[in-house]
K.L.:
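After the structure tokens below, expect a handful of questions from me.
Lettering follows sequence order; numbering is per chain, from 1. Computed from a prediction, not measured in an experiment: that's the story for all the values here.
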Protein chains: 2
Amino acid sequence: MTLRQLEFLLAIAHRGSFTRAALDLHISQPALSTQLRLLEEELGCRLFERLPRGVQLTAEGRSFLPEAEAVIAAAERAQRLLSSVSEGDGGLLRVGTVLSLSIGVLPVPLANLRRQHPDLSVELVEYEHRDSLEQGVSDGHCDVAVGPRPADWYGHVETLGWEEFVVVVAPDDPLAKSEGPVDLRLFADRNWVLFSQRQGLSPFVHAACARAGFAPRGRLRTSQVSAAARLAASGAGPAMVPSNVLEPGFAGVALRLQEPVRRELAVFSRDAAPGPLLLTFIEALRSAKNHMLLVVAP
Amino acid sequence: MTLRQLEFLLAIAHRGSFTRAALDLHISQPALSTQLRLLEEELGCRLFERLPRGVQLTAEGRSFLPEAEAVIAAAERAQRLLSSVSEGDGGLLRVGTVLSLSIGVLPVPLANLRRQHPDLSVELVEYEHRDSLEQGVSDGHCDVAVGPRPADWYGHVETLGWEEFVVVVAPDDPLAKSEGPVDLRLFADRNWVLFSQRQGLSPFVHAACARAGFAPRGRLRTSQVSAAARLAASGAGPAMVPSNVLEPGFAGVALRLQEPVRRELAVFSRDAAPGPLLLTFIEALRSAKNHMLLVVAP
DNA sequence: GTCGCCCATAGGTTGTGACTATGACTCTGA
DNA sequence: TCAGAGTCATAGTCACAACCTATGGGCGAC
């Protein structure tokens, strides 16, 4: 049984004649005869009654017809969906990212994507650490990743920009009124709001402080970036967070650093040549570059 | 796009490997490679990512997979249904008949059919007259007919039996206490309960009376056999009806006739060689022959 | 470094599907 | 009654599609 044979069946049933159905299908009448005979032989019963003037469905054929229509309809649905998928307009994309980016960076491009390609579903797969993100892409748990640019990557990589880290303090902090960028070393003796060990930002913050010549002490740890920012804003101590996670009306004070702490962000995937769905997504990222609170060049 | 290619796609997705899927499908690995390549070319995008160790669905392939499964599932459903249809176990049969038979004769075989083939639906198409029944079969409005045996018929015909007509009178009728068959001429001067012109039994009753040498007068006409019987039972005048329409606890008195009035009943269809569905139905009729209140031999 | 696993390609063979031509049949109209 | 138009089925032929075997290339494992 083939899709083609079922289409033939429908055409004949619709027109009530082999000859006319053959015209519709742009094939010869004998070809249609043969194919229907094959179908009838495979199914084990006649589907049409041959009359002197055209043909008519048998009881068996009439019973089978709705099922045949269902198969053809399903096939057409599948083809429609895939043609939209192959134009990057539909389907499902599993986007891997790290926790902080799904708050600070992704909302804008995802909103654009929703608007421009309403039939394209996105499943966010959030990882705590850049390593597990890369692993997740490699293992096929997600189709594309947005995160810190991997050191060396076998597939497609494309830099999106650099996110800048700021130190968040409470409005009544002694350094809150500083004009311009501050020196990170001023916070060396403070009690920091730090990230929990498993959070990917934790080693990053420690490395930044180490470059400034100290190791941050902390009494408070959280795995959530936005929690760290809010805790710092309420006086729990300084916290280093990406500037893009701070909302416009944020209650704390964000201090830029004299020695900027930056992280290169990229979109990357297993495939060296991304397919249409990935391209659509990557395009959405590109066109939102200037609205993602990233530094475009270091 | 063919059903076969979709099956290939599912097998590969399921096994995660061309080689293993080819083993499952009992084809060679290159054949599978080629077919999938053709499918991908037709659809316009890669469905699998080729990895050193097997393959993995792309985002496009993963989006398409559920649709492909739906198509295959619909095809399997269709095949299952048709295999049950070709064994006469399912589907829809349109049974044409005349009004009186759907009351008196068909209930028993239809009940048997329901019991033995629960998935087989029957649509009763009732005609007022044997001529329109024959026309209905010829025109394809029903698949098979149960009714008075046609004079000459081009398709399959099979006699079911002879229904015998009785004269129904009220219990207080002068002739109600007659022992044995009565002479139809005794009712020549009565006011009959007759059938309306369009009812198929009307000419039949008139012909029977004509054979007995009189033309029945009537003050009351109905198109329904059971109404005629009840009216007669309540004293409206004699009525000639098939004996099989009288229920066991019927209130009137049914008188058999010395010159029996009988009508040959048959099942017939357009097709000279009935298909499985018709055969199932005809078989149900045959096996109910002795329970349909028919005379088996004239 | 060699071996094994996996997918892709090439070349050859088989089989299927389509076409043209024709036949059998029925209904229609002269 | 017979010719013609219309229907579907069959036969013969051809092209292409699908498959198989053999082989190549890439990658990881031992």
K.L.:
Would you mind reading off the distance between A/R15 atom CZ and D/dC8 atom C1', rounded to a whole angstrom?
P.N.:
16 Å
K.L.:
Tell me: CG of A/L23 to C1' of C/dC19, nearest whole Å?
P.N.:
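Taking CG of A/L23 and C1' of C/dC19, I get 15 Å after rounding.
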K.L.:
As an exercise, state the distance from CG of B/L25 to CG of B/L32, rounded to the nearest 0.5 Å.
P.N.:
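So the gap between those two atoms works out to 6.0 Å.
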K.L.:
Give the rounded distance in Å between these two atoms: CZ of A/F48 and P of D/dC8.
P.N.:
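My rounded result for the distance is 10 Å.
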K.L.:
Could you tell me whether a side-chain N or O of B/R270 sits under 3.5 Å from a main-chain N or O of B/V137, the two making a donor and an acceptor?
P.N.:
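Looks like yes, one N/O pair under 3.5 Å.
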K.L.:
Between atom CG in A/L36 and atom P in D/dT7, what is the gap in whole Å?
P.N.:
17 Å
K.L.:
Could you state the atom-to-atom distance from CG of B/L25 to P of D/dA18 in whole Å?
P.N.:
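So the two atoms are 15 Å apart, to the nearest Å.
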K.L.:
Find the distance A/E7:CD to C/dG17:P and express it as a whole number of Å.
P.N.:
14 Å
K.L.:
Select one nucleotide: of C/dT20, C/dT26, D/dG28, the one nearest the side-chain heavy atoms of A/P52.
P.N.:
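My answer, after comparing the listed nucleotides, is C/dT26.
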K.L.:
Please pick, from D/dG6, C/dC19, C/dA8, the nucleotide with the shortest atom-to-atom distance to any side-chain atom of B/R50.
P.N.:
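From the listed options, C/dA8 comes nearest.
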K.L.:
Return no unless some side-chain N or O of B/S17 is found under 4.0 Å from OP1 or OP2 of C/dC7.
P.N.:
yes
K.L.:
Of the nucleotides D/dA22, C/dA18, C/dC7, which has the atom closest to the B/P30 side chain?
P.N.:
D/dA22
K.L.:
Apply the salt bridge (Lys or Arg N to Asp or Glu O under 4.0 Å) test between B/R149 and each candidate in B/E163, B/E158, B/E264; give the one that qualifies.
P.N.:
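For B/R149, the salt bridge (Lys or Arg N to Asp or Glu O under 4.0 Å) test succeeds with only one of B/E163, B/E158, B/E264, which is B/E264.
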K.L.:
Can you tell which of D/dC19, D/dT7, C/dA18 lies closest to the side chain of A/R20?
P.N.:
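For A/R20, the side-chain atoms sit closest to D/dT7.
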K.L.:
Under the 3.5 angstrom rule, does the side chain of B/E60 hit a backbone N or O of A/L277 as a donor-acceptor pair?
P.N.:
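Present.
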K.L.:
Assign A/L51 to base, sugar-phosphate, or nothing according to its heavy-atom contacts below 4.0 angstrom with the strands shown.
P.N.:
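Counting heavy atoms under 4.0 Å across all strands, no contact is made by A/L51.
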K.L.:
State which of C/dA8, D/dC19, C/dA18 makes the closest approach to the side chain of B/R46.
P.N.:
C/dA8
K.L.:
Can you work out whether B/S33 or A/L38 has the more 5'-proximal nearest nucleotide on DNA chain C?
P.N.:
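Residue closer to the 5' terminus by nearest nucleotide: B/S33.
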K.L.:
What is the separation between atom CD on A/E41 and atom P on C/dG17, rounded to the nearest whole Å?
P.N.:
12 Å
K.L.:
Rounded to whole angstrom units, what separation is found between the CZ atom of A/R37 and the P atom of D/dA11?
P.N.:
9 Å
K.L.:
Does B/R4 make a side-chain N or O approach to OP1 or OP2 of D/dC19 shorter than 4.0 Å?
P.N.:
yes
K.L.:
What is the nucleic acid contact for A/T19, judged by heavy atoms within less than 4.0 Å: base, sugar-phosphate only, or nothing?
P.N.:
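Sugar-phosphate contact only - A/T19 comes under 4.0 Å of backbone atoms but never of a base.
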K.L.:
I'd like to know if B/Q29 reaches the base of C/dA8 with its side chain such that a donor and an acceptor end up less than 3.5 angstrom apart.
P.N.:
yes
K.L.:
Please report the interatomic distance CD(A/E134) to NE2(A/H129), rounded to the nearest 0.5 Å.
P.N.:
9.5 Å
K.L.:
If you only use heavy atoms from C-beta on, which nucleotide in C/dA8, D/dA18, C/dC19 is closest to the side chain of B/Q35?
P.N.:
D/dA18
